[in-house]
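Here the structure comes first, spelled out in structure tokens, and everything after it is commentary.
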Amino acid sequence: MSGSGHVVDTPRIAYFSMEIALRDDLPTYAGGLGVLAGDTVRAAADLGLPMVAVTLLHRAGYFFQTLNSEGGQTEAPAQWNPADSLDELPTRATVTVEGRPVVVRAWRNVTTGTTGQEVPVLLLDTDLPENAPWDRTLTHYLYGGDAHYRLCQEVVLGMGGVRILRALGHTGIARFHMNEGHAALLTLELITERMRSEGRTAPDMTDIHAVRPYCVFTTHTAVPAGHDRYPMDLVARVLGPRGEFDMKDVFCCEGELNMTFLALNLSSYVNGVAKKHGEVSNHLFAHYVIDSITNGVHAATWASPPFAALFDTHIPGWREDSFSLRYALGIPRKEVWNAHQQAKSALMRQVNQLTNVGFSTEQLTLGFARRMTPYKRPDLLFWDLPRLAAIGRAAGGLQVVFAGKAHPADRDGKEIIRRIFGAAEALKNTVRVVFLPNYDMELGRLLTAGVDVWLNTPQPPLEASGTSGMKAAVNGVPSLSILDGWWIEGCIDGVTGWAIGSNGRNHTMGEAPDHAADADHLYTRLENDVAPLFTDGQQHFTDIMRHTIALNASFFNTQRMLQQYVLKAYF
Ligand SMILES: *Cc1c(COP(=O)(O)O)cnc(C)c1O
């Protein structure tokens, strides 16, 4: 089948995610969760896994960000036309929302793996003339609207998703994988199917036991507010009367429906997304057994053109087998350095074109891009401006590139962007700082490959995994990062990058963060380790680059991640 393409017509795994980053030009994702989902689908295609993925269309996209000269963010809908890049399927399904029938259609994207195998992704859409005007908007806004809107969306994703799969004839699905709790209502649909097949009109415990083996749940957040919860009166209004909610132990707690608990209660396998996050989740949800499978990135998606060419020359087969990036140790230093200089030049051109700030390829350049929100502490680098300026002067110049969106409702996140603009202005003559607007996959690829060091300063233990540092690793870019999430596993100090803070302190939930100590350590590492290494010349720096690829890109990728899901969760 290789070459002609082959869509599996009997998928065994249905992967549900509120957002999936399918392609650079489709605004169907907001951030890390969606990029991970996209990288998962791409790896599933590489491995030839019999997977089908389900998500919502997000016709209005995740927003287009513009920033004014003070760093004030405004949001506009990201315009796109699904018919330009997706196939509309004739199949329809219907869900009931507040007693109204809502018709759901699906658009199909097909992701092709390295050996020609294909994984279909179904993007659900309620914008059909037969639906009421408000129902037509249910698949427009990703993470928009109020709790009522979100719950109705989750009916479309979870219940509508299962019904569309059945309408397409997919009866052989052995695992329903919920990528975060947004899709947890699929469990109710599976219970209804089972109850009906047994000729009953009320669910009982045998349905729960029968459904559980089909369900897999991956939790992604260590921030309690990140878990969707809905008041039971809202749930009753949207879903109508359901026998499940009389089974209090399984379905509701304290007058609300918590999507995380729903997914936990109905799944036979549950995991967090890094070892540390697994531990944190076991504390948050003490009555459950939560395993961990550490996230990854899809190497071929995140390798910049110069590194992809380098790997094609020295590690043929790296696209089919990410483990083979281990052999990056044998790539001549000079070639690694040249590839990095090319990736850096590409970023510098973009920065200078967009901002006219005059970045130089000669200077040590740090990168930071992620959602702008307080616990990620994007402005920790600016804790002590005179000290940072002194470090910059001693290093013979320092440049920093930022990017990231704040959720439209996150006032504190928006304030952080303004503070970064303020710091950039204050440092103008010593450290050059730019903030590039509208962070997306394309900019992410340019940034993670084009800087010298990737910075991450979250407040531990709140970073579940983090994946942008893994993209940097594919391009040989070491991380300077707080020990949290994946970096606890990925950091070999002085070999693959540098740690800020000590993991020995073993952060627990609720422990007061010590921003001053973390900032102080960040400066110390920059001053004593990162800057000297960089000014020291290519030799040692390219050693670090090769170790970063060989040790981290070979492991923190979605091919390895999916193989672990296959072993532990799927079959
Ligand atoms: C990789 C990526 C993210 C997630 O990065 P983190 O390190 O997990 O914060 C978010 N947005 C975009 C556009 C990305 O490419």
Side-chain angles (χ1 to χ4, degrees), residues 17-40 42 61-65 78 142-143 179-180 218 220-223 226 272-274 276-277 294-304 347 366-378 380 401-407 410 413 416 436-451 453-460 462-475 477 479-482 484-491 497 552-553 556-558 561:
S17 183
M18 182 58 96
E19 46 170 317
I20 306 184
L22 293 167
R23 290 196 343 214
D24 286 11
D25 57 339
L26 304 185
T28 57
Y29 64 97
L33 185 74
V35 172
L36 176 84
D39 280 357
T40 299
R42 289 180 273 277
Y62 197 66
F63 69 88
F64 186 85
Q65 178 196 50
L142 175 56
Y143 306 137
N179 187 42
E180 193 50 294
T218 301
H220 284 267
T221 175
V223 185
V273 290
K276 175 73 178 180
H277 180 240
T294 302
N295 280 344
V297 297
H298 185 251
T301 297
W302 294 103
S304 59
L347 173 63
L366 309 180
F368 184 106
R370 46 191 49 78
R371 185 154 53 88
M372 292 290 137
T373 200
Y375 84 84
K376 303 216 180 213
R377 301 191 297 187
L380 192 73
V401 195
F402 281 89
K405 296 172 180 174
H407 184 278
D410 187 350
I416 291 171
L436 302 183
N438 210 39
Y439 181 38
D440 60 7
M441 277 179 84
E442 193 180 357
L443 183 54
R445 193 177 298 111
L446 204 59
L447 280 172
T448 52
V451 300
V453 175
W454 194 247
L455 181 67
N456 193 15
T457 51
Q459 176 185 318
L462 301 182
E463 178 89 322
S465 167
T467 52
S468 55
M470 302 174 184
K471 300 167 193 169
V474 172
N475 294 286
V477 170
S479 286
L480 168 62
S481 171
I482 292 276
D484 198 15
W486 82 281
W487 190 234
I488 294 172
E489 298 160 55
C491 178
N552 285 350
F556 297 99
N557 59 72
T558 42
M561 180 193 86

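Ligands are counted one by one from 1 in listed order, and the atoms in each one are counted from 1 as well. Since this is a predicted model, take the numbers as computed values, not measurements. When a residue number appears, it is its place in the shown sequence, counting from 1.
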#### Entry: Protein heavy atom at shortest distance from atom 2 (C) of ligand 1
Lys471 NZ, 2.4 Å
### Message
Return the closest protein heavy atom for atom 9 (O) of ligand 1 as residue, atom name and distance.
### Response
Arg370 CB, 3.5 Å
#### Entry: Sub-3.5 Å N/O-N/O distance, Arg371 and ligand 1
no
### Lys376: numbered ligand 1 atoms lying under 4.0 Å from its heavy atoms
9 (O)
### Message
Between Thr448 (side chain only) and Ser468 (backbone N and O only), is there a donor and an acceptor less than 3.5 Å apart?
### Response
no
#### Entry: Nearest non-hydrogen partners of Gly469 and Ser479, listed with the distance
CA-OG, 3.9 Å
#### Entry: Asp410-Thr373 side chain donor-acceptor pair, cut-off 3.5 Å
yes
#### Entry: Option from Leu443, Leu446, Leu436, Leu455 for which side chain to side chain contact (heavy atoms under 4.5 Å, CB included) with Val401 holds
Leu436
### Query
Which of the numbered atoms in ligand 1 are below 4.0 angstrom from a heavy atom of Met441?
13 (C)
### Query
Looking at atom 11 (N) of ligand 1, what's its closest protein heavy atom, distance included?
Tyr439 CE2, 3.3 Å
### Message
At under 4.0 Å between heavy atoms, is it the side chain or the backbone of Thr467 that contacts ligand 1, or both, or neither?
### Response
both
### Query
Under 6.0 Å from the six-membered ring centre of Tyr62 and within 45° of its axis: does the NZ or CZ of Lys405 meet both?
no
### Nearest-contact summary for atom 4 (C) of ligand 1 - protein heavy atom, Å
Gly32 CA, 3.4 Å
### Query
Distance-only, no hydrogens or angles: does the Tyr29 side chain make a donor-acceptor pair with backbone N or O of Met441 under 3.5 Å?
yes
### Query
Should Trp302 be counted as touching ligand 1, given the test is an N or O pair under 3.5 Å?
no
### Query
Starting from atom 7 (O) of ligand 1, which protein heavy atom do you reach first, and at what distance in Å?
Ser468 OG, 2.5 Å
### Query
Looking only at distance, does Glu463 have an N or O less than 3.5 Å from an N or O of ligand 1?
no
## Note on the structure
Any heavy atom of Asp440 under 4.0 Å from ligand 1? The part involved is backbone
### Message
Closer than 3.5 angstrom, by distance alone: can the side chain of Asn557 be matched with the main-chain N or O of Ala299 as a donor-acceptor pair?
### Response
no
### Query
Just by modelled atom types, is the Asp25 backbone N or O under 3.5 Å from a matching donor or acceptor in the Glu442 side chain?
no
